[in-house]
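Here's the structure we're looking at; comments come further down.
Numbers restart at 1 for each chain; the letters A, B, ... are given by sequence-line order, proteins then strands. Reckoned from all heavy atoms, side chains included, excluding hydrogens, waters and symmetry mates.
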Number of protein chains: 2
Amino acid sequence: MTEATPGRRGGRQLPTADELRIWRDFIEATAALGSRLESRLQGDSSLSTGDYSVLLALSEAEGQAMRSSELASHIGWERSRLSHHLGRMERRGLIRRQECATVPRGSEVLLTAAGAEAFSGATFPHLRAIRELFVDALTPDQIVAAGEIATALRARLDVLAKD
Amino acid sequence: MTEATPGRRGGRQLPTADELRIWRDFIEATAALGSRLESRLQGDSSLSTGDYSVLLALSEAEGQAMRSSELASHIGWERSRLSHHLGRMERRGLIRRQECATVPRGSEVLLTAAGAEAFSGATFPHLRAIRELFVDALTPDQIVAAGEIATALRARLDVLAKD
DNA sequence: ACCTACCGGTTGACGTGTCAATGATGCTAA
DNA sequence: TTAGCATCATTGACACGTCAACCGGTAGGT
């Protein structure tokens, strides 16, 4: 009783004006939050949030190394996105790539010393920024609500994953 | 009282593990939501959400036209972003630019017939997608909470607008 | 009048993301 | 054996964003 064709109440197709306003506020605020976090991290460490995700995953990995596809699914990226990103990170000396010994066609991504150092220097300021921009912005109730909203949105996206 | 260094007030510097988990869920879910909306709109209309914002503003404008800087502040974009985007939209015939008669150095952005048509074809599917992916994902209480969270985040960003 | 400072707008360089196509290699079935 | 076929990863083309530099012109102050 949520969907339907034009008409039937309880089943309108389009958002109300209020819903639309909230939608706009919500999507714009979260986008602004993300981009502020991004520039904060950039200023504090010369890393992007993408770099940070990759370095975090590698730091926590066995031997500071992971297979490329494993890394991609771990951080939820498409393979080509990761490949492009690793190319840029490799040019900056943050990671290295080498043929994987165990898996035939696999490529192994290694954290370099420079990468580990950049990551460890970025961690504290990044977490502090999350606190300042997100945690401190909300009441404890709102933080809980934000978690539930995230879960609900994610569930909805997963349910509609066939588009 | 959880973390360390210069800790005055009941103000630890770093988020707790729970806060961090919620942060991650939240930022990832909203990013995924945005990109799903984007690809929905793309598939339904061959417009991006950026195109949509521009066309919406122009559609509602006096004479289907606006000065460039006015448009930029109306949709909250940086000037160079808008300039690049208008260049792409102009190549696709969605808008036109011409010297502004009233303001010396100003440039005026006009909606073309093709642009108006693309916009009107995109509106219904786009609103429907917002409903399916956002409104239908949440309870009425959660929608209200989402609005409050957006407002709180925005307020926090504005307060810290000096970085 | 002249110098300077700002203002509206554009441009170039570069990082980032997606999509589709391309290797390179193993697996399986005719 | 060999013709497909799936898998791992990369590449190229292109859209999008940001940053910093630039350009043309108007406005102030001296």
Side-chain angles (χ1 to χ4, degrees), chain A residues 28 31-43 45-54 65-110 163, chain B residues 28 31-43 45-54 66-92 94-110 163:
Chain A
E28 280 166 17
L33 173 60
S35 86
R36 186 72 68 96
L37 240 295
E38 185 80 50
S39 77
R40 242 344 223 270
L41 184 57
Q42 187 68 239
S45 69
S46 295
L47 295 178
S48 67
T49 55
D51 299 334
Y52 189 85
S53 300
V54 169
M66 280 177 100
R67 289 238 335 283
S68 182
S69 63
E70 193 189 346
L71 178 54
S73 74
H74 186 59
I75 60 183
W77 285 12
E78 292 187 14
R79 302 155 75 44
S80 89
R81 174 181 178 186
L82 182 60
S83 193
H84 283 301
H85 206 99
L86 290 178
R88 293 185 295 261
M89 291 180 74
E90 194 166 31
R91 282 204 301 276
R92 293 189 290 149
L94 298 171
I95 56 110
R96 266 185 322 117
R97 279 187 282 199
Q98 68 180 25
E99 294 299 316
C100 176
T102 72
V103 176
R105 257 356 348 95
S107 131
E108 185 133 38
V109 185
L110 320 176
D163 69 337
Chain B
E28 280 167 17
L33 173 59
S35 85
R36 186 72 69 95
L37 240 295
E38 185 79 50
S39 77
R40 264 297 253 280
L41 183 58
Q42 186 68 239
S45 69
S46 294
L47 295 177
S48 67
T49 56
D51 299 334
Y52 189 85
S53 300
V54 169
M66 279 176 102
R67 291 242 329 286
S68 181
S69 63
E70 195 189 346
L71 177 54
S73 73
H74 186 62
I75 60 183
W77 285 11
E78 292 186 14
R79 308 156 78 46
S80 88
R81 175 181 179 185
L82 181 60
S83 192
H84 282 301
H85 206 99
L86 290 179
R88 291 185 297 259
M89 291 180 74
E90 194 167 33
R91 281 204 303 274
R92 291 189 290 149
L94 298 171
I95 55 111
R96 267 186 320 120
R97 279 187 283 199
Q98 66 181 26
E99 295 298 316
C100 175
T102 73
V103 176
R105 210 35 260 142
S107 136
E108 186 134 37
V109 185
L110 320 177
D163 69 337

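Under the side-chain contact (heavy atoms from CB on, under 4.5 Å) criterion, Ala72(B) pairs with Leu82(B), sequence neighbours left out. For Glu28(B), the salt bridge (Lys or Arg N to Asp or Glu O under 4.0 Å) test picks out Arg24(B), with sequence neighbours left out. Partners of Ser69(B) by side-chain contact (heavy atoms from CB on, under 4.5 Å), not counting sequence neighbours, listed by chain and number: Arg67(B), Arg79(B). Contacts of Glu38(B) classified as side-chain contact (heavy atoms from CB on, under 4.5 Å), with partners at least two apart in sequence or in another chain: Ser48(B), Thr49(B). With sequence neighbours left out, the side chain to side chain donor-acceptor pair (under 3.5 Å) criterion links Arg88(B) to His85(B). Qualifying side chain to side chain donor-acceptor pair (under 3.5 Å) partners for Glu90(B), counting only residues two or more places apart in sequence or in other chains: Arg97(B). With sequence neighbours excluded, the residues satisfying side chain to side chain donor-acceptor pair (under 3.5 Å) with Arg92(A) are Asp51(A). For the ring-ring contact (aromatic ring centres under 6.0 Å, His included) test, no residue two or more places apart in sequence or in another chain qualifies with His84(A). Under the rule for a side-chain contact (heavy atoms from CB on, under 4.5 Å), the partners of His74(B) that lie at least two apart in sequence or sit in another chain are Ala57(B), Met66(B).
Distance CD (Glu70(B)) to C1' (dG9(C)): 15 Å, rounded to an integer number of Å. At whole-Å resolution of the value, CD in Gln98(A) and C1' in dT10(D) are 17 Å apart. Atom CG of Leu94(B) is separated from atom P of dA15(D) by 12 Å (rounded to the nearest Å). The nearest whole Å value for the distance from the CZ atom in Arg81(A) to the C1' atom in dA20(C) is 18 Å. One can place CG of Asp51(A) at 11 Å from P of dG15(C), the figure rounded to the nearest angstrom. Atom CD in Glu99(B) sits about 13 Å away from atom P in dG24(D), given to the nearest Å. At whole-Å resolution of the value, CG in Leu41(B) and P in dC16(D) are 11 Å apart. If you measure from atom CZ of Arg96(A) to atom C1' of dA9(D), you get 18 Å, rounded to the nearest angstrom.
End-to-end axis angle for the helix from dA1(C)-dT30(D) to dA30(C)-dT1(D), using five pairs per end and rounding to 10°, comes out at 10°.
Nearest to the side-chain atoms of Ser69(A) among the listed nucleotides dT10(C), dA9(D), dG8(C) stands dA9(D). You'll find that the side chain of Ser48(A) is closest to dT16(C), out of dT16(C), dA9(D), dG8(C).
In this structure, OG in Ser45(B) is found 9.0 Å from OH in Tyr52(B), a value given to the nearest 0.5 Å.
Residues of residues 71-79 of chain A having a heavy atom closer than 4.0 Å to DNA chain D, listed by number: Arg79(A). Less than 4.0 Å separates DNA chain D from at least one heavy atom of each of the following residues of residues 82-93 of chain A: Ser83(A), His84(A).
Nearest heavy-atom pair, Ser68(B) versus Val109(B), reported as atom, atom and distance to 0.1 Å: CA-CG2, 4.1 Å. Residues Leu41(A) and Leu47(A) approach most closely at CG-O, 3.5 Å, considering heavy atoms.
For a distance-only test at 3.5 Å, the side chain of Ser80(B) qualifies as a donor-acceptor partner of the base of dC19(D).
Taking side-chain N and O atoms only, Arg97(B) has a distance below 4.0 Å to OP1 or OP2 of dT10(C).
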